[in-house]
Amino acid sequence: MTADSNTVTAVDTSARTATRLQVSNSRVDMLAYDAPRNGLRHRAANSCTINGVANNCSQTVQLPGMGITLSLSVGAIPAPQTYTVTIGKPD
C-alpha cells in the first residue's frame, strides 16, 4: 500500500473540472466531474504532466461518496490496470 495525497490547484466551475498536483511525484492531472455520467469523475488517458512535461497516465473513472472514493483505471496501457480505494481523512 502507498500513502500519497493530491492538492487541488485550480477549479473551473463552468467546465466542471479540477486540476490536481500529486505530492509524491509532482504529477498534474485534471478530473472532470459528472463524466462520463452524473456522479462519476473522469481523467482522460495520457493527460498528465510532471514538471510541465507530458507524462503517460491511465484513463481513470472514479466513484466518490461517503468519504471513500473507488477508482478504476480503464485499459492496460500505459500501466497495468489499477483499482484504488481512497479514504478521506479530516485535517
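Predicted model, so just to flag it, every value in this text is computed and none were measured.
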*Asks:* For Arg41, check salt bridge (Lys or Arg N to Asp or Glu O under 4.0 Å) against everything at least two apart and list the hits.
*Replies:*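 If we apply the salt bridge (Lys or Arg N to Asp or Glu O under 4.0 Å) test to Arg41, skipping adjacent residues, there are no hits.
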*Asks:* So which pairs with a foot in residues 20-52 pass disulfide (SG to SG under 2.5 Å), sequence neighbours left out?
*Replies:*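 Residue pairs passing disulfide (SG to SG under 2.5 Å), neighbours aside: Cys48-Cys57.
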*Asks:* Going by side-chain contact (heavy atoms from CB on, under 4.5 Å), name the residues that satisfy it together with Ala54, two or more places apart in sequence or in a different chain.
*Replies:*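 Counting only residues at least two positions away or on another chain, Ala54 forms no side-chain contact (heavy atoms from CB on, under 4.5 Å).
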*Asks:* By the rule that ILVMFWY residues connect when side-chain heavy atoms come within less than 4.5 angstrom, directly or transitively, which residues belong alongside Val53?
*Replies:*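 Direct or chained contacts put Val53 with none.
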*Asks:* Quick one: name the residues clustered hydrophobically with Tyr33, using the 4.5 Å side-chain heavy-atom rule over I, L, V, M, F, W, Y, and just say none if it's on its own.
*Replies:*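 Tyr33 shares its hydrophobic cluster with Leu31.
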*Asks:* Using 0.5 Å steps for rounding, measure from the OG1 atom of Thr19 to the CG atom of Asn6.
*Replies:*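 Between Thr19 OG1 and Asn6 CG, I get 11.5 Å after rounding to 0.5 Å.
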*Asks:* Side-chain heavy atoms under 4.5 Å apart, restricted to Ile/Leu/Val/Met/Phe/Trp/Tyr: what other residues fall into the cluster of Leu21, or is it alone?
*Replies:*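 Members besides Leu21, by chain and number: Val28.
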*Asks:* Show the nearest heavy-atom pair for residues Leu63 and Gly39, with the distance to one decimal.
*Replies:*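 Of all heavy-atom pairs spanning Leu63 and Gly39, the closest is CD1-O, 4.4 Å.
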*Asks:* With sequence neighbours excluded, give me every disulfide (SG to SG under 2.5 Å) pair touching residues 10-41.
*Replies:*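 Qualifying pairs, neighbours excluded: none.
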*Asks:* Can you pull out every disulfide (SG to SG under 2.5 Å) where at least one residue sits in residues 17-47? Sequence neighbours excluded, please.
*Replies:*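 Counting only pairs at least two positions apart or across chains, no disulfide (SG to SG under 2.5 Å) contact touches residues 17-47.
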*Asks:* Is there a side-chain contact between Gln59 and Ser47 (heavy atoms, below 4.5 Å)?
*Replies:*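 Not in contact.
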*Asks:* With Ser24, which residues qualify under side-chain contact (heavy atoms from CB on, under 4.5 Å), at least two apart?
*Replies:*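 With neighbours one apart ignored, the set is Asp4, Gln22.
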*Asks:* Could you tell me the separation between the NE2 atom of His42 and the OG1 atom of Thr60, rounded to the nearest 0.5 Å?
*Replies:*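 Reported to 0.5 Å precision, the distance equals 8.0 Å.
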*Asks:* Could you list all the disulfide (SG to SG under 2.5 Å) pairs where at least one residue sits in residues 16-46, not counting sequence neighbours?
*Replies:*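 Output for this query is empty, none listed.
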*Asks:* Residues sharing Val8's hydrophobic cluster, by side-chain heavy-atom contacts under 4.5 Å among ILVMFWY, directly or via others?
*Replies:*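 Listed partners: Val11.
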*Asks:* Return the set of residues passing salt bridge (Lys or Arg N to Asp or Glu O under 4.0 Å) with Asp34 (not counting sequence neighbours), or none when no residue passes.
*Replies:*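 Counting only residues at least two positions away or on another chain, Asp34 forms a salt bridge (Lys or Arg N to Asp or Glu O under 4.0 Å) with Arg16.
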